[in-house]
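First the structure, in the form of C-alpha cells, and then the observations on it.
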Amino acid sequence: MIKQAIVLAAGEGTRMKSQTPKVLHSIAGRSLLGHVLHALDSVNPETVRVVVGSGREKVEAHLSEIAPDAIAIFQAERNGTGHAVQVALDGVKTNGNILILAGDTPLLSGNTLKEFVAAHNDGGYTASVLTAEHPDPTGYGRIIRDDEGLLHKIVEEKDADDDQKLIFEINSGVYIFDFLALTEAISKLKTNNAQGELYLTDAIENIRKSGGKVAPILCEDFTETFGVNDRVQLAEAASLLRDRINESHMRNGVTILDPTTTWIDDTVTIAPDVVILPGSGIFGSTAIAAHAVIGPRTTLQDCAVNCCATIKESNCTASEIGESATVGPFAYLRAGTILANESKAGAFVEIKNSQIGIGSKVPHLSYVGDATIGEGTNIGAATIFVNYDGVEKHRTEIGDHVRIGSDTMLVAPVNVGDGAYTAAGSVITEDVPAGAIGVGRSKQRNVLGWVMRKRPGTKSAKAAEAKGE
Ligand code: UD1
Ligand code: CA
C-alpha cells in the first residue's frame with residue numbers, strides 16, 4: 001500500500017524529565033514508538049526508517065526487539081524535523097509515496113492511516129497532511145487553507161500571528177509525500193524561523209510553489225493526533241487508549257463493569273462473555289477464554305486463562321489457569337504455575353514453577369514452589385514446600401489423591417506417593433510411599449497443673465481453677 005515510511009524519533013523529549021528516551025515510555029503494553037510502528041503495520045510499508053538521536057543505544061536496542069526489519073538512522077545533531085528527513089533520505093533513491101510520522105503520537109490508529117493513504121491516492125495529490133480540529137490547538141502547527149480548501153502552508157505556534165493562533169485545524173505531524181517532490185522540497189529548506197530549525201512543514205510551501213497540489217486531510221477523531229511531550233500528556237494518552245481498548249472489548253461481548261478502573265494492554269486477547277470486575281489490570285500476552293470471571297482487583301501479566309475459570313483479588317504472572325479452575329482471593333501465582341482443570345489456588349496461597357493436577361486443591365495459606373502435584377490431591381492449610389536449601393532449589397513430587405495434613409513442611413527433594421497422607425504439623429524429609437502416612441513430629445506430652453504452679457494469679461490460672469482442675 002505504501003513503499004517507504006519514516007518515523008521521526010530523535011528528539012530529546014526534555015519535558016519528560018526522564019533518563020528513558022521519550023519514545024520508549026510505555027502505555028497499554030507498548031512503547032510510544034511501538035504504538036506508531038504497530039499502526040504503520042496496517043499499511044504494509046516495504047521499508048521503515050526510524051530516525052534516532054537522543055538515547056540512541058536504548059532506542060536501537062528496543063527497535064531490534066519490536067521491529068527488527070526497521071532501519072535505524074542516526075541524526076547526530078537535532079536541527080529540526082526537516083533536517084531529520086534530510087538525514088533519513090540521504091543517499092536514498094526510490095520513487096512513489098513516502099509516509100512520514102512522529103514517534104510520539106501513540107493514539108494514531110491503523111485504520112486512520114489506511115484511510116489517509118486512500119484519500120491521498122484518490123485525490124492524486126503531490127503531498128497530503130493529516131489534520132484535526134483540536135479544541136485546544138496550542139503548541140501545534142496551524143493549517144492555512146487556500147480558497148479551494150487545499151493546503152496553503154503550515155505555521156508553527158511560535159511563528160504564528162494572533163489571527164493564525166485562532167485556527168483550530170492543526171498539523172498532526174503525519175504526511176504523505178511523492179518521494180521526488182519531497183527530496184527537492186527539503187533541499188530548499190531554510191532556518192529563517194522562530195526556532196532557527198529546518199521545519200519539515202516548510203516543505204509543503206515549497207511543493208506548492210513548484211506547482212504541486214497539497215491536501216489537508218481531516219481526521220474525524222482529534223484524539224488520534226494527540227502528541228505526548230510530558231508526563232501529564234502521557235497519562236492523558238494512557239487514559240484515552242484505555243477507554244478505546246475497553247470500548248472495543250465491550251463491543252465484542254466482554255463485560256467490563258467499571259471501565260475507568262480497568263486497564264487492559266493493547267496486546268491482550270479476551271473472548272466474548274468474559275466478565276471483568278473493577279480495579280483489574282490485564283497485561284502483556286494474556287489471553288482469556290469465554291466465561292472466565294476476572295477480578296475485582298486482579299492483575300494478570302502474560303497469563304493464559306481457560307474457559308470458566310475465576311480469579312478473584314489475585315496477582316498472576318506467566319501462569320496457566322485451567323478450565324473452571326478457581327484462584328484467590330489473595331493468591332499470588334508466579335511464573336511457571338500451571339493449574340489444571342478444576343483445580344484451586346485459594347486464599348493467601350503463593351505458587352511458583354509448579355503444576356497442580358486436575359481437581360487438586362491448595363485452599364489456604366500455603367507456599368508451593370518447584371512441585372508437581374497429581375490429580376484429586378488436597379494440600380492442607382499452611383503447607384510449605386521447602387524448596388530452597390540456601391544454595392539450590394529442589395523439586396517435590398506429590399501423587400494422585402494425596403492428603404497433605406495442615407502445616408506440613410515438605411523438605412525437597414521429596415516424593416509423596418499416590419493415595420498417601422501426611423500427619424498435620426509434620427516435617428517431611430523422606431519420601432512417603434503410596435498408601436502410607438508420613439508422621440514427622442514429636443509425640444505430645446501434657447504437664448498437668450503447670451499454669452497454676454508457674455503462672456499463679458493470672459487470668460489463665462484463675463480460669464483453670466474455676467473449673468476445679
Ligand atoms: C511538530 C510539527 C507541528 C505539528 C506537531 C504535531 C514541525 C516543524 N512541527 O511540532 O506542525 O503540529 O509536530 O505533533 O515539524 N524530531 C527529530 N529530529 C529533530 C526534531 C524532531 O527526529 O531534529 C522528531 C521528534 O523526536 C518528534 C517529532 O520529530 O518525534 C516531532 O518533533 P517535535 O519537536 O515534537 O515537534 P513539535 O514541536 O511537536
Ligand atoms: Ca511533538
Side-chain angles (χ1 to χ4, degrees), residues 5-16 18 20-25 31-37 40 49-56 58-60 63 72-89 100-108 127 129-134 136-144 151 153-160 164-165 167-175 177 182 185-186 189-206 216 219 222-230 232-234 236-237:
I6 301 178
V7 180
L8 306 181
E12 316 275 327
T14 330
R15 283 168 285 173
M16 294 297 281
S18 176
T20 303
K22 175 168 80 174
V23 292
L24 297 193
H25 284 260
S31 64
L32 300 184
L33 181 58
H35 282 286
V36 173
L37 292 171
L40 203 46
R49 292 186 167 75
V50 180
V51 183
V52 300
S54 186
R56 171 194 187 179
K58 287 180 184 166
V59 180
E60 285 180 0
L63 266 180
I73 310 256
F74 180 49
Q75 184 192 15
E77 42 162 342
R78 261 74 70 195
N79 199 13
T81 48
H83 180 244
V85 174
Q86 285 176 348
V87 172
L89 294 182
I100 301 182
L101 316 117
D104 62 354
T105 54
L107 295 171
L108 194 67
V129 178
L130 186 70
T131 71
E133 294 274 358
H134 227 288
D136 178 12
T138 315
Y140 289 92
R142 304 301 205 285
I143 298 295
I144 316 286
L151 188 52
K153 63 174 177 177
I154 299 174
V155 182
E156 290 306 298
E157 170 92 18
K158 286 183 179 145
D159 302 291
Q164 290 167 333
K165 281 186 184 156
I167 296 171
F168 286 93
E169 187 176 14
I170 60 99
N171 167 24
S172 70
V174 181
Y175 318 82
F177 290 95
L182 175 66
I186 55 172
L189 293 178
K190 297 200 179 73
T191 55
N192 55 346
N193 53 55
Q195 299 182 77
E197 289 182 353
L198 297 171
Y199 289 170
L200 177 59
T201 44
D202 289 345
I204 301 293
E205 213 179 339
N206 292 347
C219 172
F222 79 89
T223 64
E224 287 204 23
T225 62
F226 193 85
V228 173
N229 295 312
D230 60 26
V232 175
Q233 288 171 328
L234 186 73
E236 273 177 78

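Read the numbers this way: they start at 1 and go in the same order the structure lists the ligands and their atoms. Small disclaimer: the values here were computed from a predicted structure and weren't measured. What's counted below: heavy atoms across the whole structure, side chains too, no hydrogens, waters or symmetry copies.
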Please report the closest heavy-atom contact between Ile186 and Gln86, naming both atoms and the distance.
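Taking every non-hydrogen atom into account, O-NE2, 2.7 Å.
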Do Leu189 and Asn206 come within less than 4.5 Å of each other through their side chains, counting heavy atoms only?
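Yes - at least one pair of side-chain heavy atoms lies under 4.5 Å apart.
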Is any side-chain heavy atom of Ile6 less than 4.5 Å from a side-chain heavy atom of Leu89?
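Yes, at least one pair of side-chain atoms sits under 4.5 Å.
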With Phe222, which residues qualify under ring pair (Phe, Tyr, Trp, His ring centres under 6.0 Å), at least two apart?
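Phe222 satisfies ring pair (Phe, Tyr, Trp, His ring centres under 6.0 Å) with His134 once adjacent residues are dropped.
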Just to verify, what does His83 make a ring pair (Phe, Tyr, Trp, His ring centres under 6.0 Å) with, not counting sequence neighbours?
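In terms of ring pair (Phe, Tyr, Trp, His ring centres under 6.0 Å), with neighbours along the sequence ignored, His83 is linked to no residue.
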Return the set of residues passing salt bridge (Lys or Arg N to Asp or Glu O under 4.0 Å) with Glu169 (not counting sequence neighbours), or none when no residue passes.
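In terms of salt bridge (Lys or Arg N to Asp or Glu O under 4.0 Å), with neighbours along the sequence ignored, Glu169 is linked to Arg145.
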Provide, line by line, the atom pairs where ligand 1 and the protein bring an N/O atom each to a distance under 3.5 Å; else say none.
residue, atom, partner, partner atom, Å
ligand 1, 9 (N), Glu156, OE1, 3.0
ligand 1, 9 (N), Glu156, OE2, 3.1
ligand 1, 11 (O), Gly141, N, 3.4
ligand 1, 11 (O), Glu156, OE1, 3.4
ligand 1, 11 (O), Glu156, OE2, 2.7
ligand 1, 11 (O), Asn171, ND2, 2.8
ligand 1, 12 (O), Gly141, N, 2.9
ligand 1, 12 (O), Asn171, O, 2.6
ligand 1, 15 (O), Thr81, OG1, 2.7
ligand 1, 18 (N), Gln75, OE1, 2.7
ligand 1, 22 (O), Ala10, N, 3.0
ligand 1, 23 (O), Gln75, OE1, 3.4
ligand 1, 23 (O), Gln75, NE2, 3.0
ligand 1, 23 (O), Asn79, N, 3.4
ligand 1, 23 (O), Gly80, N, 2.9
ligand 1, 23 (O), Gly80, O, 3.1
ligand 1, 26 (O), Ala10, N, 3.4
ligand 1, 26 (O), Gly11, N, 2.7
ligand 1, 30 (O), Leu8, O, 2.8

How is the N/O/S atom of Asp104 that comes nearest to the Ca ion (ligand 2) named?
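The Asp104 atom nearest to the Ca ion (ligand 2), restricting to N, O or S, is OD2.
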